[in-house]
There are 2 protein chains.
Amino acid sequence: MTVKTGQGRNRTMGDIARLAGVSPMTVSRVVNGDARVREATRTKVEQIIRETGYVPDPAARILARAGAGRIGLLYANPSNAYLAEVLSGALEGARSVGLLLLIEPSQAGAPEEEREAVQRLSAGGAQGVIVPPPLGESQATLDAISKSRMKAVVLAAPAASEDLVSLKVDDVGAAHQMTKHLLDMGHRVIGFILGRQDQSASDDRRRGAQAAIDDVEGAVLQVEPGDFTYRSGFEAGRRLLAQSRRPTAIFASNDDMAAGALAAVHAAGLSTPRDVSVVGFDDTYLAASVWPGLTTIRQPVAAMARRAAIILGRGGENSGPVAHEMILRESTSPPSD
Amino acid sequence: MTVKTGQGRNRTMGDIARLAGVSPMTVSRVVNGDARVREATRTKVEQIIRETGYVPDPAARILARAGAGRIGLLYANPSNAYLAEVLSGALEGARSVGLLLLIEPSQAGAPEEEREAVQRLSAGGAQGVIVPPPLGESQATLDAISKSRMKAVVLAAPAASEDLVSLKVDDVGAAHQMTKHLLDMGHRVIGFILGRQDQSASDDRRRGAQAAIDDVEGAVLQVEPGDFTYRSGFEAGRRLLAQSRRPTAIFASNDDMAAGALAAVHAAGLSTPRDVSVVGFDDTYLAASVWPGLTTIRQPVAAMARRAAIILGRGGENSGPVAHEMILRESTSPPSD
DNA sequence: CTATGATGTGGTAGCGCTACCATCTTGCAT
DNA sequence: ATGCAAGATGGTAGCGCTACCACATCATAG
């Protein structure tokens, strides 16, 4: 039998069924991985599917599943690399469990907007919603979600209530690990640049760093405020470098500030890592593109989003913290004295 | 009549019709802005819709439109801020013309992957596809699209063939404008950092800059290679600053390289903008977060994506270049001599 | 006061898929 | 052999929406 292997669209499940000599139902079973199909039948159908390049219509699929199978992704801050990663992870996760992903713009800091975004999602039939930062620490969004009775998975923020699932790395532990790494290399005076105080991760990271410092005799942590921006990192870096006991390493609470601190080191006529090691947190695009590359902590953002989608779909478990990874690049070395 | 204004889902068009005392068809017309509905009827229906918070089921809508109404967005490089903006623009555009946006991961540089991504989109029923960079200059993707008979709008790249619509800013003109700005401030020796040579915008920008230089007696453009990364900008910046005729301004072909050049200025013990002005191109997140903020050229990325979606939906015109905008920040000033 | 259209509105039939139950095969014990 | 469960498959009926055409309704013209 000759099968047109072209781009002709509009192939339906019925077409595949006819070609394979089975009923549409059987094709549906094969496509959905239902166990109760004889091996021979399955193989046959799969072959036809491959030959024809058939892809089931997602819309019809969702519709037939009668309203079930929809999850939402809220987003704020469109021009943010983090979001792009969340999105691709969520998309993949949703696809893998056969869910439709509704993507809904919100607006962090505008309570009314936030509420409406959640309502649109709810009205759109989402059973669950993925909440990336900074929405996950916004009361307006969280309230609206709890009223809507949707399930929710918040990313990179603690679960503010019982019925929320939180997917985040162990910020305390990661900061501890990073600080210990610096201490192990021999650094004793370490500058620390704080993040925004309205995000709980900021304090977690400071606590982790402090804990590591406390374990080592004679080690000190010089803490400077910051707000996660490059500029605040630059200024905090300048202040740190101007101190009488100049730190030999600077740990910034995110990569943007680390990049700023790096610039401050250069501006002070010093060199990284020779004079001052600099480390960040997040492993964003910036960390790898800056020179020298930043030693930092990678959060598996896309993987977290994928898992969030799967949890919402399959009703998974709210297991423990997500594993992070320390990425070593060129911005760290033992102190030169 | 009391209407439950709660979160109860599952309201269908039929429910609204019953409440409003009309037929489902009429509700559909109101929802879709069909002109042929009496004003009184429309108002009534709209009120019920508002009271109930009814939102039509997107899946059913798409399905009923019988395969029509789908466009695709290809994407590569998930962790890219540019993409997030394209996405939000495309989403909005698609929504505004009632289209379903299929989002499909591709992989720049892997021809087989690229081909498959396009095919999935085509198989998924997309009639058109939005192609953001760098896919828009990839032969594999472009070939696959032309075979698939989908319409396509490429973003930030020239139309490689007749049936492609291209949405891009006038790179030549923008670079000319930026260079003229520097010349007008009094700069005469200007460093220029090239972009990757496999993207046509790179050469366009150089040509624009050169053209502006050629108009001014005694002005020179010192061109250094680069590849759009921070690091290449840093190194090109160093080379430029080491030259006998040190430039008083550096024009980098994108913001990443401009940020690198900025670091090189600092590293050389100089200051921006006092000793050396630095400008970029693109107005990415980086441009605003670096300090001093970069004077740069903004491309309306989200707006372009929105327009792309609308063109694919409504079959719009492939009008001229997209308007860009020069953003003045703190990284530029007249030369200090 | 009836033709003649314009203008609203309703009815019907799917879009492509899956849930559910009915039906037909099998394999195996008796 | 025969009976019977378990396994494999098919038929039917929608999911919620919109295209398409038929039918009211109304104004205007003859």
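Letters A, B, ... mirror the listed sequences (proteins, then strands); counts begin at 1.
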Side-chain touch B:Gln299/B:His324, heavy atoms, less than 4.5 angstrom: no

Does [N] have its OP1 or OP2 closer than 4.0 Å to a side-chain nitrogen or oxygen of [X]?
X: B:Ser23; N: C:dG10; result: yes
X: A:Thr26; N: D:dA8; result: no
X: A:Tyr54; N: C:dG16; result: no

What is the distance from [atom1] of [X] to [atom2] of [N], rounded to the nearest Å?
X: B:Met13; N: C:dG14; atom1: CE; atom2: P; answer: 20 Å
X: B:Arg38; N: D:dA24; atom1: CZ; atom2: P; answer: 16 Å
X: A:Arg29; N: D:dG7; atom1: CZ; atom2: C1'; answer: 11 Å
X: B:Arg61; N: C:dG16; atom1: CZ; atom2: P; answer: 19 Å
X: A:Arg18; N: C:dG16; atom1: CZ; atom2: C1'; answer: 13 Å
X: A:Glu39; N: D:dA8; atom1: CD; atom2: P; answer: 10 Å
X: A:Asn32; N: C:dT18; atom1: CG; atom2: P; answer: 5 Å
X: A:Ile16; N: C:dT18; atom1: CD1; atom2: P; answer: 13 Å

Of all the choices, [options], which nucleotide is nearest to the side chain of [X] once you look at every atom?
X: B:Ser28; options: C:dG16, D:dT18, D:dC17; answer: D:dT18
X: A:Thr41; options: D:dA19, D:dG14, D:dA8; answer: D:dA8
X: B:Met25; options: C:dA19, C:dG11, D:dC15; answer: C:dG11

Find the bend of the helix from C:dC1-D:dG30 to C:dT30-D:dA1 as the angle between its two terminal axes (five pairs each), to the nearest 10°.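 Roughly 50°, once rounded to the nearest ten degrees.
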
5'-most contact on DNA chain C (nearest-nucleotide basis), A:Ala60 vs B:Val22, goes to B:Val22

Using side chain to side chain donor-acceptor pair (under 3.5 Å), reason through B:Ser106 and B:Glu114 one step at a time and then give a plain yes or no. CA-CA 5 Å; B:Ser106 179; B:Glu114 291 183 38; 5.3 Å; no

Okay, side chain of A:Asp15, backbone of A:Thr12: is any donor-acceptor separation there less than 3.5 Å?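 It does hold such a pair.
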
Just by distance, do the side chain of B:Ser166 and the backbone of B:Ala157 share a donor-acceptor pair under 3.5 Å? yes

Partner residues of B:Ser23 under the side-chain contact (heavy atoms from CB on, under 4.5 Å) criterion, sequence neighbours left out: B:Met25, B:Thr26

Residue list, side-chain contact (heavy atoms from CB on, under 4.5 Å) with B:Ala110, at least two apart or on another chain: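 Partners of B:Ala110 under the side-chain contact (heavy atoms from CB on, under 4.5 Å) test: B:Gln107, B:Glu113.
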
Side-chain H-bond candidate by donor/acceptor type, A:Gln119 with A:Ser148, under 3.5 Å: no

Base of C:dG8, side chain of B:Arg42 - is there a donor-acceptor contact under 3.5 Å? no

